[in-house]
Amino acid sequence: MTSMSRARVARRIAAGAAYGGGGIGLAGAAAAGLVLAEVQLARRRVGNGTSPHVPHADGRYGRTYAGPGEEPLRLTMLGDSTAAGQGVHRAGQTPGALLASGLAALAERPVELRTVATPGARSDDLDRQVALVLAAPDPVPDICVIMVGANDVTHRMPPTRSVRHLSSAVRRLRTAGAEVVVGTCPDLGTIEPVRQPLRWLARRASRQLAAAQTIGVVEQGGRTVSLGDLLGPEFAANPRELFGPDSYHPSAEGYATAAMAVLPTVCASLGLWPAEEERPDASRREGFLPVARAAAEAASEAGTEVTAAMPSGPRGPWALLKRRRRRRVPEQEPAPATPSN
């Protein structure tokens with residue numbers, strides 16, 4: 001599917017989400033029976049991981065940066081098992097801990113991490129997760145990172161419904177005053193136990209949903225980062241290194257790869273990225289595009305950021321597409337975090 005075709009599909013899905021339209025089939029009705037059979041087979045082979053346990057990573061990171069009376073930055077993780085860190089054994093290997101450590105190092109300020117992400121969650125669980133975040137006695141988070149979408153595809157949630165829930169979550173968090181970065185649906189076409197034709201259909205569905213998610217998120221004032229790398233080219237090339245023991249959830253190295261992709265956008269949303277790098281760089285194919293086209297291009301290239309840039313014009317809202325240089329997440333295990341109340 002070409003970038004322009006993917007942009008048209010993403011626009012239709014996003015419009016259906018915004019205006020209450022019906023679901024748009026990602027794989028096509030003719031393939032529905034085959035897809036369902038293959039999905040059930042893949043689920044049996046993949047399972048839900050070797051252990052449902054997710055390390056508890058909540059707490060304060062970067063204590064050495066604390067100054068007298070200085071409040072920490074507050075980072076909250078929402079979404080599914082990818083955001084929670086299922087598949088690793090130590091708290092410091094989870095994406096939340098990696099992002100908190102990296103953010104603390106670059107901001108030179110402590111970071112308080114809270115995780116409400118739940119393994120197995122789909123986008124319709126974001127309503128509950130956002131309610132937990134906003135009902136907490138603590139201040140509203142400075143930054144919320146959402147990773148969601150894979151379970152929507154595998155459970156055949158209509159993409160319009162998926163995007164509607166995600167857009168609502170971003171709107172509520174932004175209205176409350178939090179910055180929001182969304183890691184869009186990863187490429188499910190590289191999961192080892194998944195065979196053809198489901199592999200091709202899963203890749204197509206994943207990228208279509210990722211593009212539609214980007215449109216919905218950007219329209220609500222958030223930023224997106226394509227997580228194709230999470231289960232994309234690097235995973236396909238190095239499955240034993242970047243997948244966990246269950247061949248579905250990432251390994252510690254895989255989560256580090258994802259965290260490195262998301263960290264620059266997290267920092268940029270908080271005004272912590274070098275100002276000279278905020279301007280689009282034509283040599284890296286960055287620039288201003290209609291949001292649907294930017295969304296489609298981002299879905300095809302992992303690590304690509306999309307953020308709102310201009311008011312709507314004759315071709316609809318515009319966005320800035322950036323391919324930020326990744327900063328390495330600190331490799332050392334963070335000091336034991338103090339559990340949050």
Side-chain angles (χ1 to χ4, degrees), residues 61-62 65 71-79 83 95-113 140-147 166 169-171 173-174 176-184 210 213-230 255-289 291 294-295 297-299 301-311 317-330:
Y61 294 77
Y65 300 111
E71 286 293 314
L73 289 169
R74 298 185 182 276
L75 164 66
T76 297
M77 301 292 296
L78 303 91
L98 291 165
L99 286 172
S101 298
L103 179 58
L106 290 171
E108 297 186 345
R109 184 174 168 185
V111 173
E112 190 78 22
L113 171 66
V140 173
D142 296 286
I143 178 74
C144 292
V145 175
I146 303 174
M147 297 180 179
L166 177 58
V170 174
R171 180 173 60 251
L173 292 170
R174 292 290 291 130
E179 297 292 335
V180 180
V181 173
V182 175
T184 55
Q213 286 177 318
T214 291
I215 295 175
V217 169
V218 169
E219 288 179 346
Q220 300 303 327
R223 302 184 188 215
T224 64
V225 179
S226 168
L227 288 187
D229 257 0
L230 193 59
Y255 279 128
T257 298
M260 283 190 291
V262 173
L263 181 61
T265 300
V266 166
C267 292
S269 69
L270 295 172
L272 299 172
W273 207 243
E276 63 271 15
E277 293 192 23
E278 290 304 293
R279 294 186 294 272
D281 185 342
S283 68
R284 296 208 298 264
R285 295 177 294 116
E286 298 177 347
F288 299 99
L289 296 168
V291 66
E297 290 202 12
E301 184 173 341
T304 305
E305 174 191 321
V306 180
T307 185
M310 302 178 184
W318 284 63
L320 173 60
L321 183 145
K322 286 192 69 64
R323 297 174 172 87
R324 295 186 182 275
R325 295 185 177 92
R326 300 180 188 179
R327 300 290 175 90
R328 181 165 293 279
V329 176

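Quick caveat: nothing in here was measured; it's all calculated off a predicted structure.
Checked by atom type and distance alone, the side chain of S226 pairs as donor or acceptor with a backbone atom of A298 at under 3.5 Å. One N or O on the side chain of E286 and one on the backbone of D281 form a donor-acceptor pair closer than 3.5 Å. Side-chain atoms of R223 never come within 3.5 Å of backbone atoms of V306 as a donor-acceptor pair (strictly under, hydrogens ignored). In this structure, D142 contributes its side chain and R74 its backbone to a donor-acceptor pair below 3.5 Å. Formation of a donor-acceptor pair under 3.5 Å by the E305 side chain with backbone atoms of K322 is not found in this model.
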Checklist entry - For V291 and W318, what are the C-alpha separation, side-chain angles and deciding distance, and is it a side chain to side chain contact (heavy atoms under 4.5 Å, CB included)? => result CA-CA 5 Å; V291 66; W318 284 63; over 6 Å; no
Next on the checklist: Before you tell me yes or no, could you show the steps for L78 and V145 under side chain to side chain contact (heavy atoms under 4.5 Å, CB included), namely the whole-Å CA-CA distance, both residues' side-chain angles and the distance that decides it to 0.1 Å?
Outcome noted: CA-CA 6 Å; L78 303 91; V145 175; over 6 Å; no
Next on the checklist: L99 vs L103, test: side chain to side chain contact (heavy atoms under 4.5 Å, CB included). Steps then yes/no.
Outcome noted: CA-CA 6 Å; L99 286 172; L103 179 58; 5.9 Å; no
Item to check | Intermediate values then yes/no, side chain to side chain contact (heavy atoms under 4.5 Å, CB included), E112 and L75 | outcome: CA-CA 6 Å; E112 190 78 22; L75 164 66; over 6 Å; no
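M147 and P95 get closest at one heavy-atom pair: CE-CB, 4.4 Å. Across A261 and G303, no two heavy atoms sit closer than the pair CB-CA, 4.3 Å.
Under the side-chain hydrogen bond (donor to acceptor under 3.5 Å, both in side chains) criterion, T304 pairs with no residue, sequence neighbours left out. Evaluation of the salt bridge (Lys or Arg N to Asp or Glu O under 4.0 Å) rule for R171 yields no partner, not counting sequence neighbours.
E297 and R285 are not joined by a salt bridge, as no carboxylate oxygen comes within less than 4.0 angstrom of a charged side-chain nitrogen.
The shortest distance between side-chain heavy atoms of T265 and L263 does not fall below 4.5 Å. Side-chain contact between Q220 and L166: absent, with no pair of heavy atoms (C-beta onward) separated by less than 4.5 Å. Side-chain contact between L173 and I146 is present, with heavy atoms from C-beta onward closer than 4.5 Å. Contact of the W273 side chain with the L106 side chain is registered, since non-hydrogen atoms from C-beta on lie closer than 4.5 Å. By the 4.5 Å heavy-atom criterion applied to side chains, L320 and P280 are counted as neighbours. No side-chain heavy atom of T307 sits less than 4.5 Å from a side-chain heavy atom of V218.
With rounding to the nearest 0.5 Å, the separation of CD1 in I143 from CG in L272 is 10.0 Å.
There is no side-chain donor-acceptor pair under 3.5 Å between Q213 and T184.
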